[in-house]
Each structure stands twice: as C-alpha cells, then as structure tokens.
2 protein chains.
Amino acid sequence: MSLALAGIDDFHVHLRQGTLMRAVTPLLAKSGCRLAYVMVCLLTVPVQPNVADMRLPAQPNLKPPIRTTDEALAYKAQLQQLAPGVEFLMTLYLNPELTPDEIRKAAKAGVKGVKSYPRGVTTNSDSGIESYTVYYDVFRAMEEVGMVLNLHGEIPSDPSNDVCVLNAEERFLKHLAQLHADFPNLKIVLEHATTKAAVDMVKSLGDTVGCTITVHHLQLIVDDWAGQCHHFCKPVAKFPHDRDALRGVISEGHPRFFLGTDSAPHPRHTKESVAAAAAGVFVTPYVLPYLATILDSFGAIDKLEGFATRFGRAFYGIAEPAAAAAGVRAVKLVKAASGAGLRVPEEIPFVDDDGIQRSVVPFWAGKELPWTIELE
Amino acid sequence: MSLALAGIDDFHVHLRQGTLMRAVTPLLAKSGCRLAYVMVCLLTVPVQPNVADMRLPAQPNLKPPIRTTDEALAYKAQLQQLAPGVEFLMTLYLNPELTPDEIRKAAKAGVKGVKSYPRGVTTNSDSGIESYTVYYDVFRAMEEVGMVLNLHGEIPSDPSNDVCVLNAEERFLKHLAQLHADFPNLKIVLEHATTKAAVDMVKSLGDTVGCTITVHHLQLIVDDWAGQCHHFCKPVAKFPHDRDALRGVISEGHPRFFLGTDSAPHPRHTKESVAAAAAGVFVTPYVLPYLATILDSFGAIDKLEGFATRFGRAFYGIAEPAAAAAGVRAVKLVKAASGAGLRVPEEIPFVDDDGIQRSVVPFWAGKELPWTIELE
C-alpha cells in the first residue's frame, strides 16, 4: 500500500532561534514539508495555579518575539537559508504596539497572519483573557488586507472560576464566536483544537473560520501525558471523546480542518526535569509517517492528502506550486511489512548555543512506524 | 499561633522494602506519626492507552505482595524495628487465593484490612473492573470479623468507553454503592478520593463507609501535574471544583473523612525520565507542616486535629493510646514568621539496593512552609 503526495503544508510550526533553529529547520525538507507557517512565540511559562495571580502568562520563546514586518522578514531569511525548498509564511505576535499601518506594511511584505495568545493581563476582564476590543482597529486592517488571525484558544487557568487546563479551550470558544460575529470577513484560525466543543464550534461558524489539528492530538488522550513529559503540550490532550471528535472531523474530510503540527522542539533536559516540563511535542522530522500511521489506525488514510496538503492552502488562498498543480507527486508514503518500518530515533542530537551537547526527543521515540516516507 | 496534637494517624502509607524502606520508615516518627496503616502494593505500571488491551494492570510494588497473615506479620516486624514508637496496622492484598479462613486468621493476628485494586482482568466484565462477586465469601468473613475493605476506587482506562484517568474514579463509585448495599456492616474505605462525585457518594452512604483524603489532593489540581512529574500520582488531581469539594468536607469536619496520605517514595530518576514517571507523591517527613499550611490557607486549621488524629481512629475503632487519652500532646505545630519557617529539602538522599546513590524528591521541595513541627 502506498500514497503519493505533492508534499505537506504545516500551518503551525515552531522553529526557534540559534543552534536549535539550525538543527531543526533543515529537517522540514527531509520530512516532505513544502510549506511552513511559522509561529513566532510559544507558551513556555508553566501555569502556577497556586500563586496569588492565577492568570497564565504568555511568554514568547523567541527573544525578542517577532513584532514587526522587518523582524519577520529577517527571521524568514534565516529560515529560508536553512531550507531553501520550503515556502515560509510568517506571522506577527499580537501585542498592544501593533498598528493598522504595520498590518498594511506586513501584508505588502507577504506576512500572512497575526498570532494571539491568551495574556490575562487585563485585570478587569472577567472573561479571563484580555479584551480583544483593544485590537479591533488592527483586526479591521487585517480584514481589509486579507491577513489571518491565528488564535491560541485557551483562557488562563483560574481555580476560583473552576478554569483549568482541561476546560480552558472550551471556555475560550465564546470569544472565537464573538470575533467571527464582529469580523465575518476576517479569516480566523483556531489553532491546535483539542476538544469536541472546539470542533463543533468551528463547524457551526462561517467559511472564514478554520481550524488546525496537530498530529499528536489525533493520537494522545489525557492518560498519555499523565506522568509522560514528552507528551505534555499546551493545550493538553483531553478525553477519549474529544480525540474521537478530532478524528471524526478528519474522517468526514471537512475542508476547514487542516494540519498545523505545533511541532515544538525542546531540549530533553527541559522536559525530564524536577521543574515543570517545557510544553510541546516534536514531530517535524516524521510528520507524514506519524500521520499516515494514525489516520490508517482509524480508517482515514484516504483523507490524509486533503488534511495535509489541500485544505489549509485553500483556506489561506495560497496557490499550489506549479509542479504540484501539474501533477507532480514528489513524496511517497509506503506501508511496510512488520519489522521493515521506520524506527523513530530515541533522540535527535544537537549542540546548544552554549556549546553543550543536547538532544530533542521526538514523538513516539523508539517506536517502529509501519508507514515510511520516500522523497524523489 | 500554635497547635498541640497527640500525633497523627496516617491511614494510607507506602513504606516499600529494602534500602528505601529503611530510609523512609524512620521518618514516620520524626514527622509526629503515631499510627501507620500500611498498604502492601501500589499501582506502578503506567496506563498505556494506545495498546490493544486498554485495561489498567495492577502491579504490586512489594515483590511478592503481602497476601498472607504470615507475610504481613513478617513485614510488620521489619517496620516495627525501624520505627518502634509507631503503631503499624497491616493489610492484605485482595486476590483470588484469599480465603475466609485466611481472613479469620489475619483478623486474629491483628491485620486490619484488605486492599483492593482495580484489576480489569475479567474480560467479560463490562463494568471495567473484575467482578467483586467472586470475593463475596471473603467479604462476608471480613464483615464477621470486623476487617476493613480498602478500595482503590478507579476503573481501568478504556478509551472505547470514554474512560480515562479523569473520570475513572467517578465511574467506579457505583461499585462502592453496590458493595455497601450488599455488605452494610462491612467497613469500607474509599481511598484517596479526588472528586466531588466521590465526596458526595461517600456522604450519601451509611456510617460503615469512610474515605481517606491525601495531603497533596487538598492542594493540587490538574494544572499542577501537567508537565510536573513530582505531582503526578494516581488517582490524578482533578478540577478546581473537585479540590473545593475535598476542602469543603474537611471544613465541615465530617467524621467519615480522614487522613490517608498515600505517601509513596519514588527514586528521583524514576520520576524525571523519558519513560512514564512513577506515580506517587512523597509527603511522609512533613505531613503535619504541609497539612497545617494547606488547611490554614482555606481557613480550616481548627479541623486539622479531627481529620488527622481522631476521625480515622474512630472509624476503625482503634483506641487512643493511654497517654493521648490522658491529654498528652507530644506534637506542637507552630506558625512561624515569614523567613523563619520550615524549608522543605530539594531531595532526600538514600542508597538503593544496588548501592547506588539515589534520592527522593519530597512534595513542595525547596518551598518554605510557614508551619513547623516540634516534637517533645
């Protein structure tokens, strides 16, 4: 059994800076990735629900985060050099300094989106997130120039209101609905959906609302990250019925749900630690074998191409490369006999910015995957 | 501010074997513990929800587990030598070889209870646990001789039925209700309750049903073990409203809810690992300062004595030691000024059975606790 693809488009990926960026970015091409939608920051500060201020801080993992067009272009140039064959789409970080003028400038320069994280810094917001209304001028400009709003859809944990990592996404969804109502022509993507509630909400909204789903959330449930630091990510994987909903929307081939891996490399020692583990799962090198193995397990291998190569591009309005449009299928997925599959390495070594030998543990480290990838 | 106590009674503690037992057991006396109800086994095999058989195996952590009176007495003798001042109450492991005769023998020898773990080995049980009816002869004998049934109240994870670590306890509760209905005179303790559902169920049942609550479940919610291996235990800590329910039943001074710490020492390297972390939180050395700090935080410091020294003993029908009955209060808890509290060590070193230097990371390692303990 085999499957030929033009490549994959990853609409949510973290590529870092420095030596880690240089180690990770070249893996994109080897994984069959032809398009990488680059997120500029990441929640790296763990929730501390027992401290006085329960709100979840958002901490960029690029220091400084990409806030301007010029910074985005400089970062893109670095990435492009590391993976010349990959199309990099850049994003800005939603922040109070962002202006409509900067949005127009960014759009002209090809920056595709703006990423919003829950901040929880506005103490008079009873919704648990900062009010989006302060950004409405920016959103209006984005709507005009066709930029996409990428939402990390969680409100900050707040035990006094029974908000924790398990219901943070569901409680965010009303904000998504409100934004869509206020900006029906603004393209909005709910990133890395993890719940049935999120799937249902996105389906209920108009065609300008899309949704990314990661590889790992199609596989993991809460039991898998209970005590397993390399499966810990934000949003956390939820109940079996939530995973069923994510799988279900892929099985039905819904065109507004597409691949965004949220792949996030963390040095192993920041995961296996007495301190809170860094949140994130690293899938970049083996996205396609993982995805084929998982989709095959629930009978949806025929939905892989739409989910990983067509729907996201269509939502964003990005044309197929000429070769792909002409029918070239440069990536081949092959289902091997047992014992002849792809063995995921235990770790991927790199030397960090201080010259120390480190490694990143990939998803399903040490596992043999039945599906392997061949590039032309 | 200070508080004088006769000592604490811990109705659920794991003390292990070998060098770890020898390192941990003497800490009981130093912590003000006068009674330790010793659990003979522990869930140590992590859930593997993606393998074919989803049922949770129960794995004793004493090899072999204590299944007979003679084994229990031999284990007790070892413990007694390590902590002569502590009253050790022993348990047997519920298993198919246990007979009514052995129960009568155990009761005569002073063994207090029988511990049941979810096994999930009976494939035609649609309830997710092995059927308890095979043990009804044993339970009848226990009822007759006044032995206590200690329940690990979780059904095994089963994604096909939406069962995972988050709802495993709630879904177990109908079995508790059924057992109580069938054996109204059998004393049953639901161990380490973590949910509002469990609190409500135990309250709704008769006076022969008690419930232990751990120190750490009074403090942690799901956010706290998300990526934090030293907060990972089974059952996992749940939602804020569940923690509120545990705190609430203590605040009301309900006499059928009492301390059972489920304190379980694990070598640090088995927690901070690429593999699944061992489940368990270690609180033994500082039970009282932890408990005072936590109860004080929600205004229930006046409920500490009942919860930690009177209710469990009353439920089990164990007389106060003569000195305590005469009013001796050998343990003093003192609330210190900021900066003068008790600093929990980062780790507690020990040498393992292979002669390797190891350590156990205690709960709240490195934190300063306002409440300190003084022993006479």
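Convention: sequence-line order gives letters A, B, ...; per-chain numbering from 1.
In terms of heavy-atom pairs under 4.5 Å with chain B, the best-connected choice from A/V222, A/D244, A/V361 is A/V222. Most heavy-atom pairs under 4.5 Å with chain B: of the set A/S273, A/C229, A/A275, this distinction falls to A/S273. Among B/R268, B/E347, B/K271, the residue making the largest number of heavy-atom pairs under 4.5 Å with chain A is B/R268. Chain A forms more heavy-atom pairs under 4.5 Å with one residue of B/H230, B/E272, B/E346 than with any other, namely B/E272.
Contact annotation for B/H241: both backbone and side-chain heavy atoms come within less than 4.5 Å of a heavy atom of chain A. In this structure, chain B has heavy atoms under 4.5 Å from both the backbone and the side chain of A/C164.
For B/K196, the NZ atom counts as loosely surrounded, since its 6.0 Å shell holds 12 or fewer non-hydrogen atoms of other residues, nucleotides or ligands.
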